[in-house]
Structure formats: C-alpha cells, structure tokens
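Contents: one structure, followed by commentary.
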Protein chains: 2
Amino acid sequence: MTAETLIAALRERGWRITAARLAVCRVVAELHAEHLTAPGIAASLAGEVDQSTVYRTLEALEESGILSHTHLGHGPAVYHLADEDRHQHLICEVCGEVTELDAAVVGEALQAITRATGFFPDASHFALSGRCRRCTG
Amino acid sequence: MTAETLIAALRERGWRITAARLAVCRVVAELHAEHLTAPGIAASLAGEVDQSTVYRTLEALEESGILSHTHLGHGPAVYHLADEDRHQHLICEVCGEVTELDAAVVGEALQAITRATGFFPDASHFALSGRCRRCTG
DNA sequence: CTCTCTGCAAAGAATTTGCAAACAC
DNA sequence: GTGTTTGCAAATTCTTTGCAGAGAG
C-alpha cells in the first residue's frame, strides 16, 4: 500500500488533495502494519499537521472505503487498511500485534449470526480483539 | 439479582461496606436489565455519590467477579452482571442499534480461530459491527 | 472566484488521580 | 485506633466543533 493509492482513493471520492492529507496518507502508508492511532499519527506529524486535521483526514479515508477503525476499549481507536483481500484482523489487546486470518475460518460463524439475528456482520470492516499466542497466559 | 448479593460479593472479597457502595449496588441491581454505564449510574446518584466513587465501586465489583464490562465502540463502557455476560453485541454501523446474540452461536468459530492462529479472541468484551436487518441493502 | 480545508483554541465526554477529611471495622 | 474509602477538584486522554483565514480546483 502506498500513499499514492490512498490519495487516489480520496481524489476519486471528490476530496481535495492538500499537503496535510498527503502527509497523513504518507504516515498511514508507512505504518499500516503497526498500531495506527489518531493521536499517534498526530504526534508523528506534530508541528506539521494539526490533530483535528488528522481526525478529519482519517474520517475522509474511511468514507472513501480504504480505511476502517476498531475500538479496543483501552486507548484510542485503531485504524487498519480495509484490504481488498477477504481477511479478518485480529488485534492483540496486550501488545497491539495485528494477525491476519482468512475469512473462510469465520465465514460459517458470520452466516450463523445472520441466520440467528438477521444481522449482517461486515467481514471486511470488523476486527476481533483478544490475545495473541505470545500474550496468552 | 439483589443489592445484597452484590454487597455480599464485595464483603467476601474484603472490601468495606459503605453507604456509597450500597447505593451503587442498589442501582446496579435495579437496572441490570438495561445498559448500565458509569456516567449513567453517577447521574442517577448525583448529589449522593461522587462519580469517582462510582468508578471505584464498579472496579471493585468487577474484581469481585460479579460484574464485567463491554466496549460498544462509541460512548461509555457498558456493564453487565457476570452471570448474564454470555452474549455478544452486534452494533449496526448505519443506525447504531445494538443487537444481542448468544455467545454459543459464535463459540465454535472462535475455537476454530484459536486452532488456526493461536489467537484467543475475547468475544464478549467487544462488539461486532455490521448492518442490522432493517439497514441491510 | 468559489467552496473546501486548515489551524487554532476551546469544548466535550469518559475516566483517572492526589489528597485531606470521614468512616468502617 | 488504623487502614480504607470518600468527595472534591483537577488532570488526562481521546475526539469533536466553531470560526476566520488559507488554499485547491
């Protein structure tokens, strides 16, 4: 994932391309494998981009469908790329590690949820939290 | 569930029984069928018990194993009696409606995730997002 | 030139903390 | 008495908002 891809998503949605948005996209592209948070991005762009602009840019990226966020309950919302590939994100609530999991493993459970409740879980936009192998026990 | 049961759990754990804790337990016992939040409890005890004491009492109840909380993503943490905690929350990303789902429906899939990845999902502690029946399509 | 976007500063919501006085045991 | 707990007030952390000026298209 490159900053250009993120910018293209914004442009396609009609958002204007500004220096602030370029900077946020650059950070998201560079750090997307890690624990990406609004305060973290704002800190790494301190003096360059205002925190409120960081929030507004992340919101624009989400609305463009290329980013999504999960609330881990403790601390800030965690952002991750809404990949075109069908897989889940498992975020370790202890170390923040993100594990990827093929959607087939949870597909049956999602269908069971829909059968039971009529509710459609959004497979490409939800993360599960818990503890990774290293942080268990 | 009565306030006395909650108080007994505190006493058993060695916490002192005070007027403030009695008041918080009374509210928890009365309203446990609804979505209990710390700010909500504090509001209903305004002028009687301080908000910080409400938080500290809820923490004591959780440590006593009789209460637990869930993060619904937006807004404050939601508290449940531990014996009623066997359900998952599904939040509609369109209308915000919260649907409850018995954990048994997803239990097998969660075990499959652990087998596949070594990751232990903490299912009941966080909500899933998606679209409810009314907002689908 | 128009309408969007930005920085700033402040508000807002949820939660935590330091401390001296009050209280349970 | 002694150690816990409380209320108060302020600090923290995350996020949102109002607004006037700067900038993209």
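Note on naming: letters A, B, ... go to the chains in the order of the sequence lines (proteins, then strands), and numbering restarts at 1 for each one. Bear in mind the structure is a predicted one, so any value in this text is a computation, not a measurement.
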For residues 46-54 of chain B, tabulate all N or O donor-acceptor pairs below 3.5 Å that involve a side-chain atom, not counting sequence neighbours.
from: B/E48; atom 1: OE2; to: B/R26; atom 2: NH2; distance (Å): 3.2
from: B/D50; atom 1: OD2; to: B/S52; atom 2: N; distance (Å): 3.0
from: B/D50; atom 1: OD2; to: B/S52; atom 2: OG; distance (Å): 2.7
from: B/S52; atom 1: OG; to: B/R56; atom 2: NH2; distance (Å): 3.0

Return whichever of B/P76 or A/E48 has its heavy-atom-nearest nucleotide of DNA chain C closer to the 5' end.
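Comparing both residues, the 5'-ward one is A/E48.
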Quick one: which of A/T70, A/L36, A/L67, A/V28 gives a side-chain contact (heavy atoms from CB on, under 4.5 Å) with A/H80?
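Per the side-chain contact (heavy atoms from CB on, under 4.5 Å) rule, the option paired with A/H80 is A/T70, out of A/T70, A/L36, A/L67, A/V28.
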Going 5' to 3' through nucleotides 16-25 of chain C and flagging B where a protein heavy-atom sits under 4.0 Å of the base, S where only the sugar-phosphate is that close, and - otherwise, we get BBB-----BS
Atom [atom1] of [X] and atom [atom2] of [N]: how far apart are they, to the nearest Å?
| X | N | atom1 | atom2 | answer |
| --- | --- | --- | --- | --- |
| B/L10 | D/dT4 | CG | P | 16 Å |
| B/I7 | D/dT5 | CD1 | C1' | 13 Å |
| B/L61 | D/dT5 | CG | P | 12 Å |
| A/H69 | D/dC14 | NE2 | P | 14 Å |
| B/H74 | D/dT16 | NE2 | C1' | 13 Å |
| A/H71 | D/dT15 | NE2 | C1' | 10 Å |
| A/L45 | C/dT6 | CG | P | 12 Å |
| A/L22 | C/dT6 | CG | C1' | 14 Å |

Decide side chain to side chain contact (heavy atoms under 4.5 Å, CB included) for A/H71 and B/H71; before the verdict, give the C-alpha distance in whole Å, the side-chain angles of both, and the deciding distance to 0.1 Å.
CA-CA 8 Å; A/H71 293 275; B/H71 298 279; 5.8 Å; no
Drop me the distance from A/E12's CD to A/I66's CD1, to the nearest 0.5 angstrom.
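That separation rounds to 9.5 Å.
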Please list, chain by chain and in numerical order, all residues satisfying side chain to side chain donor-acceptor pair (under 3.5 Å) with [X], sequence neighbours excluded.
| X | result |
| --- | --- |
| B/R134 | B/E97 |
| A/T114 | none |
| A/S44 | none |

For the helix from C/dC1-D/dG25 to C/dC25-D/dG1, what angle separates the axis at the start from the axis at the finish, each from five pairs, in steps of 10°?
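Overall, the helix from C/dC1-D/dG25 to C/dC25-D/dG1 bends by 30° from one end axis to the other.
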Take the angle between the ring planes of A/H69 and B/H74 and call it parallel below 30°, perpendicular above 60°, tilted in between.
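Perpendicular, since the angle between the ring planes exceeds 60°.
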Is the closest side-chain heavy-atom distance between A/L58 and A/I41 below 4.5 Å?
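The answer is yes, as the side chains (C-beta and beyond) meet within the 4.5 Å cut-off.
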